[in-house]
Amino acid sequence: MRRSLPLLLAALMALVLAPPAQAAPGFAVAYETIPGQGGTPLKAFVVTPTGRGSGPFPLLVLPSSWGVGNIEYVGAAAKLAYESGYSVISYTSRGFYDSAGEIDVAGPDTVADVSRVIDWGLARANGDPGRIGVGGISYGAGQSLLAAAADPRIKAVTALSTWTDLARSLYPNETVSAQAVELLLTAGKLTGRPGPVLREAETAYREDRFTDVLPISPPRSPASKVSSIKAAVMIGNAWNDGLFPPGQITDFFGALGSPKRLMLSPGDHATAELFGAAGLPNEIWTSVGRWFDHHLKGVDNGIDREHPVQVKPNNGGGWRSFPSWAAATTRTDTVPLTADRIGAGRATIAESGTVLVSGALQGFLSIPVGVATPLIDRGSAAVWHGPVQWTATTVSGTPRAHLTVTPSAAKTTLYAYLYEVNPLGLGALVTHKPVTLTGTGTRAVDLDLEPVVWNVSPGNRLVLVVDTVDGRYKGSSALGSSVTFGADSWLTVPRG
């Protein structure tokens, strides 16, 4: 039954997506076994164009996401084959579902699998060796960037909801992103076969030794290999991505050579491009097609003349474009923060929300993570109000909190939340960031919150809240301890 399911799905996709019999060109779908690195069998849907001659055709290789099978991109693959004449291979990543092997967390074998699939596509799917692209969502996106650093045959990459720095994503400022880690671990065990690296990482995490996991990050992080990536790279991520937040993306993008494109839009992990993978209309996947068309087929569609940075404000509005991420900020405002002292280890109603759920609500329904600021426990959270914005303004860039901090405990985790608050004190979360401090001495902490573009309505103000407990993260604040904030603290707000 397990072997027959992919064949049934392939048949259904062919029936649903195939053009009328008399139409040409068209496409064909086949379920294939492709030898990956070391001969490991990888199961794939191979979608090839028909009615366009014998090729060779530009080749696209799409590794599947974490916990998702090769059916993931078949809708998009059919569209790319039918409309644009690509030969497309959508395959299940090593260790998951119908592919063999074990999950090595984008290790050497998984990255080498991309090249082995390319080899097969050139030999068996009429692929053109001079026109090769790779791409994917999440786990498939990270694999694509890593493969591009290793395989010079790859000329174009589209990485959606990707990570670029594994440690920064899951261990921001020495704070474990617990909901994200639990989600990944659970999905890995339910849908695949964890290998030694993943099993050892989980053991260390369960034993509060997350620092022991950090050595696996550099070789699995595209940021450590950015100078080796010569392909044209398009990245699409969401402002509220609960697995791979945008700060690591904007830094990586700045270090990339050209040509490159960055698209940031409302949503959570994989939500902005979700429907496009199924072949449905989607702005991100439209850009994916245009990116491949230009860089693999030489189509003069104008994408090379557009500004490389394209963003949609997180709380609504159309696309805005900039020549660089830094250019999204035209000026900065500084808000002084008064001295304060709070008790640590007690939760408040200030929260960053729930991974996948909160960002999806923001992206699809414009429902932000909210808070009633008058009800925030001032004994457990510092609350600083900025001036009322009497005209419309935009937070555009990376807000930074400069805090002079004196914790009383050996280890304390702080969570900074920036809200847009209306005259009634009701706030919408604009951005946030955690940081874990070690030691009891006074120190200055420069805390970069996650990048954002957010429109602030006239009559509202920005409010910074800092507390010591958040359900998304595995913090270190001790109940009964305290944190003192000095008067020489401030908030820097980027404006666009």
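Just so you know, these numbers come straight off a predicted model, no measurement behind them.
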Working for salt bridge (Lys or Arg N to Asp or Glu O under 4.0 Å), residues E202 and R209: CA-CA 10 Å; E202 179 173 11; R209 296 184 291 106; over 6 Å; no

Check against side-chain hydrogen bond (donor to acceptor under 3.5 Å, both in side chains), E283 and W319: CA-CA 11 Å; E283 291 175 307; W319 289 99; 3.1 Å; yes

E102 vs T110, side-chain contact (heavy atoms from CB on, under 4.5 Å): CA-CA, chis, key distance, verdict: CA-CA 9 Å; E102 293 182 322; T110 291; over 6 Å; no

Residues R94, T40; criterion side-chain hydrogen bond (donor to acceptor under 3.5 Å, both in side chains); working and verdict: CA-CA 8 Å; R94 170 184 295 261; T40 300; 3.2 Å; yes

CA sep, side-chain torsions, deciding dist, call: R261, I235, side-chain contact (heavy atoms from CB on, under 4.5 Å): CA-CA 6 Å; R261 183 177 179 88; I235 298 174; over 6 Å; no

Audit row: D98, Y31, side-chain hydrogen bond (donor to acceptor under 3.5 Å, both in side chains) steps and yes/no: CA-CA 11 Å; D98 50 350; Y31 180 63; 2.6 Å; yes

R116 and D109: CA distance, side-chain angles, deciding distance, salt bridge (Lys or Arg N to Asp or Glu O under 4.0 Å) verdict: CA-CA 10 Å; R116 300 294 76 77; D109 287 345; over 6 Å; no

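Here the closest non-hydrogen pair linking E450 and P399 is O-CD, 3.9 Å. Here the closest non-hydrogen pair linking L296 and G133 is CD1-N, 3.7 Å. The nearest pair of heavy atoms linking I284 to M263 is CD1-CE, 4.0 Å. Between P368 and W454, the shortest heavy-atom distance links the atoms CB-CH2, 4.4 Å. Here the closest heavy-atom approach between residue V47 and residue A81 is recorded as CG1-CB, 3.7 Å. Residues G242 and R472 come closest through the heavy atom pair CA-NH1, 3.8 Å.
Annotation: the span from L185 atom CG to L190 atom CG amounts to 11.0 Å, rounded to 0.5 Å. For the atom pair CG (L62) and CD1 (I137), the distance works out to 9.0 Å, reported to the nearest 0.5 Å. Interatomic distance, D113 CG to D104 CG, rounded to the nearest 0.5 Å: 8.0 Å. The OG1 atom of T286 lies 13.0 Å from the CD atom of E273; values are rounded to the nearest 0.5 Å. Here the straight-line distance linking atom CG of D128 with atom NZ of K155 works out to 11.0 Å at 0.5 Å rounding. Rounding to the nearest 0.5 Å gives a distance of 9.5 Å between CD1 of I89 and CG of L60.
Counting heavy atoms from C-beta on, the side chains of W239 and V311 come closer than 4.5 Å. At a threshold of 4.5 Å between non-hydrogen side-chain atoms, the residues D151 and V114 do not count as touching. The shortest side-chain heavy-atom distance between V68 and F96 does not fall under the 4.5 Å cut-off. Between D304 and H294, the closest side-chain pair of non-hydrogen atoms falls below 4.5 Å. Between V430 and V456, every side-chain heavy-atom pair lies at or beyond the 4.5 Å cut-off. You'll find the side chain of S144 reaches within 4.5 Å of the side chain of P63, heavy atoms only. With a 4.5 Å cut-off on side-chain heavy atoms, Y91 and S64 do not count as touching. Within the 4.5 Å cutoff, the side chain of P494 has no heavy atoms near those of the S396 side chain.
A donor-acceptor pair under 3.5 Å is absent between the side-chain atoms of Y82 and the main chain of P49, judged by distance alone. S177 places no side-chain N or O within donor-acceptor distance of the main-chain N or O of L170, the cut-off being under 3.5 Å. A side-chain donor-acceptor contact under 3.5 Å links T250 to the backbone of G247. With D165 contributing its side chain and S221 its backbone, the two residues share no donor-acceptor pair below 3.5 Å. Between the R290 side chain and the N301 main chain, a donor and an acceptor come within less than 3.5 Å of each other. A distance-only check finds a donor-acceptor pair linking the side chain of Y97 to the backbone of G67 [under 3.5 Å]. Under a 3.5 Å cut-off, the side chain of S358 and the backbone N or O of G353 do not form any donor-acceptor pair. Remark: side-chain polar atoms of Y419 are not paired, donor with acceptor, to backbone N or O of G370 under 3.5 angstrom. Formation of a donor-acceptor pair under 3.5 Å by the T92 side chain with backbone atoms of N70 is found in this model. At distances below 3.5 Å, not a single donor-acceptor pair connects side-chain atoms of S217 with backbone N or O atoms of V213.
With hydrogens and angles left out, the side-chain atoms of D448 and T398 include no donor and acceptor closer than 3.5 Å. Checked by atom type, the side-chain pair N126/S87 shows no donor-acceptor distance below 3.5 Å. Remark: the T175 side chain and the T413 side chain contain no N/O donor-acceptor pair separated by less than 3.5 Å. Side chains of K297 and S84: a donor-acceptor N/O pair is absent below 3.5 angstrom, by distance only. Side chain to side chain, S93 and Q143 meet the donor-acceptor criterion of an N or O pair below 3.5 Å. Inspection of the N237 and S161 side chains reveals no N or O donor paired with an N or O acceptor under 3.5 Å. Donor-acceptor pairing under 3.5 Å is recorded for the side chains of S65 and E72. Side-chain atoms of S352 and D470 form a donor-acceptor pair, as typed in the model, at a separation below 3.5 Å. Judged by distance alone, the side chains of Y86 and D293 do bring a donor and an acceptor atom under 3.5 Å apart.
Judged by a 6.0 Å distance limit and a 45° cone about the ring axis, K260 is positioned over the six-membered ring of F253. Remark: K474 qualifies as a cation-pi partner of Y205 under the 6.0 Å distance and 45° angle criteria applied to the six-membered ring.
Exactly one residue among T329, V453, N455, V452 makes a side-chain contact (heavy atoms from CB on, under 4.5 Å) with V395. That residue is V452. Considering N314, D268, T271, T431 in turn, N314 is the only one that fulfils the side chain to side chain donor-acceptor pair (under 3.5 Å) rule with N240.
In this structure, W285 has its ring center no closer than 6.0 Å to that of F275.
Residues satisfying the ring pair (Phe, Tyr, Trp, His ring centres under 6.0 Å) criterion with F244, sequence neighbours excluded, are W163, H269. Partners of F210 according to the ring pair (Phe, Tyr, Trp, His ring centres under 6.0 Å) rule, which considers only residues two or more places apart in sequence or in another chain, are Y171. For S169, the side-chain hydrogen bond (donor to acceptor under 3.5 Å, both in side chains) test picks out Q248, with sequence neighbours left out.
Surrounding CZ of R199 are more than 12 heavy atoms belonging to other residues, nucleotides or ligands, all under 6.0 Å away.
In this structure, R206 pairs ionically with E182, as a charged nitrogen and a carboxylate oxygen lie closer than 4.0 Å.
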